[in-house]
Protein chains: 2
Amino acid sequence: MARTIGSHSGKTGPRVRDAAMHLFAQRGFAAVSMRQIASEVGVQVGALYNYFPDKQTLLFELMRDHMLELLSAIHDKPETTPSSRLEVFVRFHITFHHKRPDAVFIAYMELRNLSPQNFEEIEALRRRYETVLEDILRAGLEANEFQVADTKITTLAIIAMLTGVSSWFRSKGRLSIADIKNQYWEMVQKSVCPKY
Amino acid sequence: MARTIGSHSGKTGPRVRDAAMHLFAQRGFAAVSMRQIASEVGVQVGALYNYFPDKQTLLFELMRDHMLELLSAIHDKPETTPSSRLEVFVRFHITFHHKRPDAVFIAYMELRNLSPQNFEEIEALRRRYETVLEDILRAGLEANEFQVADTKITTLAIIAMLTGVSSWFRSKGRLSIADIKNQYWEMVQKSVCPKY
DNA sequence: GTCTATAGAGTGATAGAC
DNA sequence: GTCTATCACTCTATAGAC
């Protein structure tokens, strides 16, 4: 939309981030120009540089904020049973990612467009998240509630499976997100169960 | 490498494809220029256009050939037991994808850089592959060998889990690809098992 | 089949007016 | 805080020489 000249009460920053998030998710970081972002927001390209020093930093901040939100939203309760902790994790992961399809897509697809230093920072956050799940699996292993050959591999396998939901789930589809959560929880539960 | 002037016995085509595959996988389609591909091969940019009409077609052909190879390599045997067919599928998927990390990466990451028409063609091939697994799950369900709530969801969940291996497996790592296959097969097997 | 040269458009980022 | 104008490149793709 065309805008008139002048200040607009400090709302441009969030609007730029929203527009960038959406465009990056849809077309990819490298394929989106600063002019396209500006046009989506309704400002000229020069105005964008009031909110970040360059395009790389914009990408980094979107990814970092997403990971920090993820980490601050997961609340594992080590005092409960491993099986219950695992169920909470599975349902949380699907819910959280389902609400932020653009951010999820960017976090998984644009890692290679980060500068080496920014990449390291995002990777560290991702590893922290994986550790939450791995701790649950280890606790279940020690309590003989789970049977897994290798907690690290199982962690990566479960996260890959759960995150995959974002790539195909459409809310107009045959199944509700509640159905999906139930089914994924059943699959995960069985996959870590001791063989009978 | 610098090259001298003249023809080079028809080997440039494959070399261009290899270079493009590697560069696209590493940096992303949109971030790689025709000049970078030419430089990697050791020719000037104009020479590339002897082998494809434009950059979009180059990407499409890489993806299409990968999917066709995948489809021609999977040999499901409907006359054997569902459990055996599933094991063959799991091991095949990991093996095939493990041997072609660049092609796998491109096939999953660059879908949005395809023109709508090319996208449809690749999607159709991907669905054909998914159907192989879904048929196995349906057979197992009918034979009461498997218990799955929804064969379509389970198909997508298993493929996401298996394909995830490519994103973290490094041959120098702690576990061999044979270990990985065994562990993934155990997880998949348990996840579709009837509850005891 | 490959080269050089170039057309024509687009890129990220900055300077200075308002 | 946003605008306009611009710098200095880079991009894909093509034409025509060899």
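Since the structure is predicted, the reported quantities are computational estimates derived from the model, not experimental observations. Convention: sequence-line order gives letters A, B, ...; per-chain numbering from 1.
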All N/O donor-acceptor pairs, side-chain side in residues 18-30 of chain A, below 3.5 Å, sequence neighbours left out:
from, atom 1, to, atom 2, distance (Å)
A:H22, ND1, A:D102, OD2, 3.0
A:H22, NE2, A:Q26, OE1, 3.3

Short side-chain N/O contact to C:dT2 OP1/OP2 from B:T12, under 4.0 Å: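 B:T12 to C:dT2 OP1/OP2: side-chain N or O found under 4.0 Å.
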How does protein contact run along nucleotides 5-13 of chain C, one letter per nucleotide 5' to 3', with B for base contact, S for sugar-phosphate only, - for none, heavy atoms under 4.0 Å? ------BBB
Which whole-number value in Å describes the distance from B:N50 CG to C:dT2 P?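 Going from CG in B:N50 over to P in C:dT2 covers 6 Å.
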For atom CD of A:Q44 and atom C1' of C:dA15, their distance in whole Å: 16 Å
Taking only residues two or more places apart in sequence or in another chain, which ones pass ring-ring contact (aromatic ring centres under 6.0 Å, His included) with B:Y129? B:F89, B:H93
Just jot down the ring-ring contact (aromatic ring centres under 6.0 Å, His included) partners of A:Y108, sequence neighbours excluded, or say none. none
Residues B:Q56 and B:N118: side-chain donor-acceptor under 3.5 angstrom: yes
Report the nucleotide, chosen from D:dT2, D:dT4, C:dT2, that has the shortest atom-to-atom distance to any side-chain atom of A:A47.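 Looking only at heavy atoms from C-beta outward on A:A47, the closest nucleotide is D:dT2.
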Starting from A:M109, walk the hydrophobic network (Ile, Leu, Val, Met, Phe, Trp, Tyr; side-chain heavy atoms closer than 4.5 Å) and list everyone else you reach, by chain and number.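 Under the 4.5 Å side-chain rule, A:M109 groups with A:F105, B:F105, B:M109.
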Give the table of side-chain donor-acceptor pairs shorter than 3.5 Å for residues 136-146 of chain A, with sequence neighbours excluded, one pair per line with atom names and distance.
from, atom 1, to, atom 2, distance (Å)
A:R138, NH1, A:E134, OE2, 3.3
A:R138, NH2, A:D135, OD1, 3.0
A:E145, OE1, A:S83, N, 3.3

